[in-house]
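See below for the structure under consideration.
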Amino acid sequence: MSSTSFSYFSNDAIYASLAIFTIAFIAHTFEVAWSVKNVEGVSATTFDFEKTDRVGRIGTAMMILGFTLLIVADTTRGLSAHRVPWGNMYEFSITGALMLTGAYLFSLAKYKLRWLGLPVSISVLLTLGTAITVLYRPSAPLVPALKSPWLAIHVLAAIISGGVFLVANLVAATYLLMDRFELKGGRPQWALKIPSLEALDQLSYRLVAFVFPLWTFAVIAGAIWAESAWGKYWSWDPKETWAFITWVAYAAYLHARITVGWRGRRAAWLCIFAGSTFLFNYIYVNIWGTGLHTYSGL
Amino acid sequence: MTQTSHSAPELGFMGLLRWAWRQLTSMKIALILLMMLGVAAIPGSLFPQRSQNPQKVDQYFTSYPTLSKWMDHLHFFSVYSSPWFSAIYLLLFISLIGCVLPRTFHHLKAIGQKPPLTPRNLDRMEGHRVVSASSVDAIAKSEIWLKKNRFRVRSDGDAISAEKGYSRETGNLMFHLSLILILVGVGMGGLFGMKGEAILNVGERFINTPTSYDNISYGKFQSQGSLVPFSLSVTDFKATYDPITQQPSNYVLTTMVSNPIGTPAKPVTIQVNHPLTFGSTKIYLQANGYSPVVTVRDASGSITFRGPTTFLPQDADLSSLGAIKVPDMKPQIGFIASFLPTASSSPTRGIFSSYPEVLDPRLVLSAWSGNLGLDSGNPQSVYSLNTSQMKKIGLKALTLGSTYNFGAGSITFDGWKPWVNLQIVDDPGKIYAFLGAICAILGLLMSLFTRQRRIWVRVGDRVEIAGLAKNGIPGLEEELTLLQKKLEEQ
Ligand code: HEM
């Protein structure tokens, strides 16, 4: 296939994955909605776990299919430009959606997190939708500053970290929601299958502790690259500054947990705060910011 | 214990110092400082910074004059070198040193020592259980199992205390000490480094002495004598562009380099991401543009100016703006000109450049006559003309090789030369910052992925085992169950 046909194929795969993630989203919505309906029904004993379970499985199957399509889309995008597929913000977004789905599927296999399917599919749909409509750029070679093996290493580490930070945020947000329910007298029926508060609390911590070294690495790899491309390993460019702020916020989170013993609500808020600094960097600095990192193509 | 901290003023001066030191090196203050450092970094990303974009700062001053003055007083346009930002990170790192060094000594001692004594009451500990094993050989069996599993074991007759996972603290200390090393590296760069820029046309030669630079700045302790004694001649510069997006896809600078000056020159290519390196000094290809070459003649036809003039690129298609000054004519002549590498025109935009490579160049100029103001003593930008004492005498767009006669003389557009901006940087601290960064990651991995725990065995009327996992990390129960099985098997 030629470069342009690869690039068209990649776009088609993105549209297909949008459709598949929409089905996943609908399936997960039904999973939740049916449980809610049963609560309002005549008797709680008619609660149909089997039916909700079936639709939940459909959701998971669609997530796996969507993940596969994203891999195809990402790979062909890379092939069309003869390089790694994260050279501008469109590509960064589709690879980010891929990593987020990947982080979710990984946690699903390891921790039985199907309840996260709903927020994850919403996030993926939003990311991909924005990417293909607002951020889309034709496939093209890289500007000279990006021509470096560090593009593959630094950006990939950052995208993976971002995917896992987002999942940790979703878990922490779920913690806060469940905590709210329990304070008000108990969880609604649909939330009964979601793990205990303690398990949620532990899980968001584990996810952060797992990727914090990777994020540290991403920042350092960025500094090494900056040194070879711009002559200075740290120049407090807005992107660097916010990467640093994210790093400090997660370091504070880890300290608060490990050395001060924060748990539960306070820890969840701090986790969400730290994750928001990452999102801020991705959205604000890429689109409205200036500086050396202006590769978004916008 | 806590009361002493409330009665601080009564402790006298030394006591006060000690109290302040204890506060500064406390975890709570360190955490607050850490958060403050994050918050203090924010304004620098929202407002333009002098070190990065001085023009933007000037624009800010024109748009918001009063506000800018106040912000400037508070160092909002140079956040990262401001006193308040420096104060926070210096305090943080003093705090870090004060906390980590004692812990390091303590840990070094602990490595050589046996685990602490088995506590009196094991039934208060995690995973406490009574094992149905014979008390005769329980100690011996436990010791074998614990040692096989790489625990450090302390055996006191009827009790065993075992510990594993010291590398957690080792990694933790390594991480925090590495942060100090990074700061040392960053500081050294600021104190002993050097940074300069030079613009060279293709064909020109650069000799690494302070006067060759367009601008140069030294660290506080860097003497001027220590520049690497090399010379570099620019033989060629090639920029390639993607025809569809018109973005640059490759820059290759070809040079001949002698180091030290006078030795035979060797060909060297410099590219973005591939700087030329001499020890801790590196030479980067930072920017490029065009220098149109013109010949100016006076009315009698004799040459008053000939050569390339550096123009500054204005957009992605490299429309470039500059000023050609001819002080040796009477009256003096100056041109404000723009160089268009590939000229196109449209009714709305007039004449403009539509492609960054030189395909159909045009030199659009306005000629001025009068006093260039070069003798006024005020330094003047080479890229602009001070027209306050001049009069516009004409306007013309020249194609390659054509001549414009402006009355008092003529100007011929002979050609162009690419120019490159070389950035020359010496940062002797960066190797330390780099080492610190590597050690920080290794320490972090070691610390976050090691499980530190203790296991105790006590034999009295019955055989008891229990344990304690640092930070409640899971896995202890399973380990105790394995030990229990081992002890209970016949
Ligand atoms: C005076 C300042 C500091 C003190 C006293 C301090 C102390 C500590 C302590 C006691 C731990 C717990 C280790 C454990 O028990 O497992 C820890 C962990 C940690 N610290 Fe700090 N720290 C300081 C500054 C910093 C800074 C500036 C950073 C980086 C932004 C940082 C990043 C971390 C990280 C990521 C961990 C988690 C690693 C682990 O699990 O051990 N610390 N720190």
Side-chain angles (χ1 to χ4, degrees), chain A residues 137-151 202 209-210 212-214 216-217 219-221 223-225 227-242 244-249 251-252 254-261 277 281 284-285 289-292 297, chain B residues 27-28 30-32 34-35 37-39 41-42 44-46 48-49 51-53 56 79-80 172 175 186 189 195 239-240 242 244-245 247-252 271-275 282-286 423-425 427 430 433-434 437-438 440-442 444-445 447-449 470-472 474:
Chain A
R137 286 294 169 278
S139 175
L142 292 170
V143 296
L146 290 183
K147 286 200 171 139
S148 160
W150 289 106
L151 173 67
Q202 269 295 324
F210 169 73
F212 185 76
L214 186 64
T216 310
F217 171 75
V219 174
I220 292 171
I224 296 174
W225 185 11
E227 197 271 332
S228 76
W230 303 327
K232 211 168 168 202
Y233 58 87
W234 195 269
S235 31
W236 291 108
D237 148 282
K239 194 78 152 261
E240 290 173 355
T241 304
W242 280 90
F244 173 75
I245 292 169
T246 301
W247 187 72
V248 165
L254 290 179
H255 275 102
R257 281 199 80 107
I258 298 177
T259 60
V260 189
T277 64
N281 197 353
Y284 173 81
V285 179
T290 52
L292 300 164
Chain B
M27 191 67 214
K28 201 169 92 193
L31 269 183
I32 292 174
L34 187 58
M35 285 309 263
L37 190 66
V39 174
I42 295 177
S45 75
L46 303 180
Q49 296 295 295
S51 57
Q52 294 159 2
N53 203 338
K56 262 235 165 119
V79 167
Y80 306 107
N172 181 44
F175 172 76
V186 172
K195 182 177 166 185
T240 348
D242 181 61
I244 297 164
T245 62
Q247 282 193 340
S249 60
N250 212 8
Y251 297 130
V252 184
Q271 282 177 279
V272 183
N273 278 310
H274 298 282
K282 286 193 175 182
I283 294 121
Y284 298 89
L285 172 59
Q286 211 194 24
Q423 183 180 323
I424 297 152
V425 184
D427 184 349
K430 113 186 125 188
F434 177 69
I438 300 296
I441 290 190
L442 293 179
L444 198 56
L445 289 172
S447 149
L448 283 171
F449 296 111
K470 186 140 187 186
N471 304 318

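Just so you know, these numbers come straight off a predicted model, no measurement behind them. Every chain is numbered from 1, with letters handed out A, B, ... down the list of sequences.
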Approximate separation, where rounding is to 0.5 Å, of L254(A) CG and S447(B) OG
9.0 Å
Relative to chain B, which of I245(A), I224(A), T246(A) shows the most heavy atom pairs under 4.5 Å?
I245(A)
Is any side-chain heavy atom of L448(B) closer than 4.5 Å to one of F210(A)?
no
Is it the backbone or the side chain of I42(B) that comes under 4.5 Å from a heavy atom of chain A, or both, or neither?
both
Pairwise side-chain contact, V186(B) with Y233(A), heavy-atom cut-off 4.5 Å (strictly under):
yes
Which heavy atom of N273(B) sits nearest a heavy atom of A229(A), and at what distance?
OD1-CB, 3.3 Å
Which region of A440(B), side chain (C-beta onward) or backbone (N, CA, C, O), has a non-hydrogen atom less than 4.5 Å from a non-hydrogen atom of chain A, or is it both or neither?
neither
I need the minimum non-hydrogen distance between G231(A) and Q423(B), along with the two atoms involved.
O-NE2, 4.1 Å
Separation between CG of L445(B) and CZ of F217(A), rounded to the nearest 0.5 Å:
10.5 Å
Mind ranking A223(A), G261(A), P213(A) by heavy-atom pairs under 4.5 Å with chain B and telling me who comes out on top?
P213(A)
Tell me, please, which residues at least two apart from Y80(B) pass ring-ring contact (aromatic ring centres under 6.0 Å, His included).
W236(A), F85(B)
Please rank A433(B), P248(B), G38(B) by heavy-atom pairs under 4.5 Å with chain A and give me the top one.
P248(B)
Who among W234(A), W150(A), F244(A) has the most heavy-atom pairs with chain B under 4.5 Å?
F244(A)
Closest approach of A209(A) to F449(B) (non-hydrogen atoms, all atoms of both residues):
O-CZ, 4.3 Å
What pair of heavy atoms forms the shortest contact from A41(B) to T241(A), and how long is it?
O-CG2, 3.3 Å
When only pairs under 4.5 Å are counted, which of K195(B), K430(B), H274(B), Q286(B) shares the most heavy-atom pairs with chain A?
K430(B)
With sequence neighbours excluded, what pairs up with K282(B) under the side chain to side chain donor-acceptor pair (under 3.5 Å) test?
E227(A)
Among G44(B), S249(B), A437(B), which residue forms the greatest number of heavy-atom pairs with chain A at distances under 4.5 Å?
S249(B)
Could you tell me which portion of V39(B) (side chain, backbone, both or neither) has an atom closer than 4.5 angstrom to a non-hydrogen atom of chain A?
neither
Nearest non-hydrogen partners of P275(B) and S228(A), listed with the distance
CD-O, 3.6 Å
What part of L214(A) gets closer than 4.5 Å to chain B, counting heavy atoms only: side chain, backbone, both or neither?
neither
Inter-residue atom distance W242(A).CH2 - L46(B).CG, 0.5 Å rounding:
6.5 Å
